[in-house]
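Atoms within a ligand are numbered from 1 in the order they appear, just like the ligands themselves. Fair warning: this is a prediction, and the values are worked out from it, not measured in the lab.
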Amino acid sequence: GATLAIDIGGTKTLAALVRGAQVLAETTIATSREAGPDAWLAAIAKQARHWAGRYERVGIAATGLIDEGRWSALNPATLAIPDHYPLPARASELFGKSAFAVNDAQAAAWGEHRFGAGNNEDTVFLTISTGIGGGVVVNGRPLLGLAGHFGLLRGPTHGQSPLEDVVSGRWMAAEAARAGHPAEAPEIFQKAREGAGWAEAIVAQSASRVALLCRDIQMMFAPKRIVIGGGIGLASGYLQAVGAQFAGLPPHLAPRLVAASLGPHAGIIGAADLAARHR
Ligand code: BMX
């Protein structure tokens, strides 16, 4: 049977009907940042009314920490989720089906591992998006809870800021404004492709920080592949800019980067499969 799969991100929410790796129907709604989780779920329920009777369970991938059925923000700048919100329980009440919830990047890591670029081998997934999300699959199992939240790493180069605050889409837009060219990430990429120096510099700095992260991940998990997704990660030219930083590395230390092959569907496909396994 099919799963109602939902991916709640810092900027937008994707709701879909998913069977296996097949997306049967989908719809995107803006995540109204101020509204809060009850309103986010209500907006999804309104869309999902068209699919009533067509799904057996609910699988949710969400930005933030999901631990033992409770949902909280780690970086409230990505999305201000109230502490310990009982996401699967509320979803289950609302949709009248059993519901399972997992972090968005962990869901995507699982989706890519099972059905996408991860090829059923050890996979680390990184989404470069509003924030930076991470998910780790080792020995055929996804690490859940706090594990893999690489966007929250703090390194000596960026002081007290979480890594994602000096890399992600929000950071790029803030940098552009500081450079006197207010623009959102898609436009910054466009300007960089057209050769605007200020835009090239922003993309290059973000990419070089992600490259350092990938080198560290290689030391920690030595995954077969690091799968990159997210609106920034999949923007044309970004993956190449990250990979270029590994040029001088001995081959056994160089991470192997691949683009997420499920694209924006990785999270919903992974969440649906995890929900189907969770009984
Ligand atoms: C943040 C954190 C992660 C999430 C990542 C990507 C919050 C609210 N989110 O690091 O849980 O995986 O952002 O999220 O603390 P996205 O919304 O950018 O996809």
Heteroatom distance test (S72, ligand 1): nitrogen or oxygen, under 3.5 angstrom: no
Heavy atom of the protein closest to atom 3 (C) of ligand 1 (residue, atom name, distance): H149 CD2, 3.5 Å
Members sharing I44's hydrophobic cluster (side chains within less than 4.5 Å): L4, I6, I8, L17, L24, I29, W40, L41, W51, Y55, V58, I60, I66, W71, L79, I81, Y85, L87, L94, F95
Protein contact to atom 18 (O) of ligand 1 [nearest heavy atom, distance to 0.1 Å]: G131 N, 2.7 Å
Element-labelled atoms of ligand 1 that are located less than 4.0 Å from some non-hydrogen atom of E164: 1 (C), 10 (O), 13 (O)
Atoms in ligand 1 flagged as close to A73, the criterion being non-hydrogen separation under 4.0 Å: 15 (O)
Check ion pair D122-K224 (N to O, under 4.0 angstrom): no
Enumerated ligand 1 atoms positioned under 4.0 Å from heavy atoms of T130: 18 (O)
4.5 Å side-chain heavy-atom contact, H265 and I268: yes
Enumerated ligand 1 atoms positioned under 4.0 Å from heavy atoms of L79: 8 (C)
Cationic N near anionic O, under 4.0 Å, K97 to E56: no
Inter-residue atom distance D165.CG - R170.CZ, 0.5 Å rounding: 5.5 Å
ILVMFWY clustering at 4.5 Å (side-chain atoms), partners of V227: F125, V258
Check: G151 N/O within less than 3.5 Å of ligand 1 N/O: no
L152 neighbourhood, listing ligand 1 atoms whose heavy-atom distance to it stays under 4.0 Å: 10 (O)
L152 side chain near E164 side chain, heavy-atom distance below 4.5 Å: yes
Geometric N/O contact T63 with ligand 1, under 3.5 angstrom: yes
Heavy atom of the protein closest to atom 19 (O) of ligand 1 (residue, atom name, distance): D104 OD2, 3.0 Å
Atoms in ligand 1 with a heavy atom of G133 nearer than 4.0 Å: 5 (C), 6 (C), 12 (O)
Numbered atoms of ligand 1 (with element) below 4.0 Å of L74, judged on heavy atoms: 7 (C), 15 (O)
Donor-acceptor pair between T63 and T78 side chains, under 3.5 angstrom: no
Check: G64 N/O within less than 3.5 Å of ligand 1 N/O: yes
Option with minimal heavy-atom separation from atom 17 (O) of ligand 1, where the choices are G10, G148, G134, A61: G10
Verdict with reasoning, T3 to R57, per side chain to side chain donor-acceptor pair (under 3.5 Å): CA-CA 5 Å; T3 301; R57 66 187 78 80; 2.8 Å; yes
Sub-4.5 Å side-chain heavy-atom contact between F221 and L143: yes
Atoms of ligand 1, numbered as shown, that sit under 4.0 Å from any heavy atom of N103: 3 (C), 4 (C), 11 (O), 12 (O)
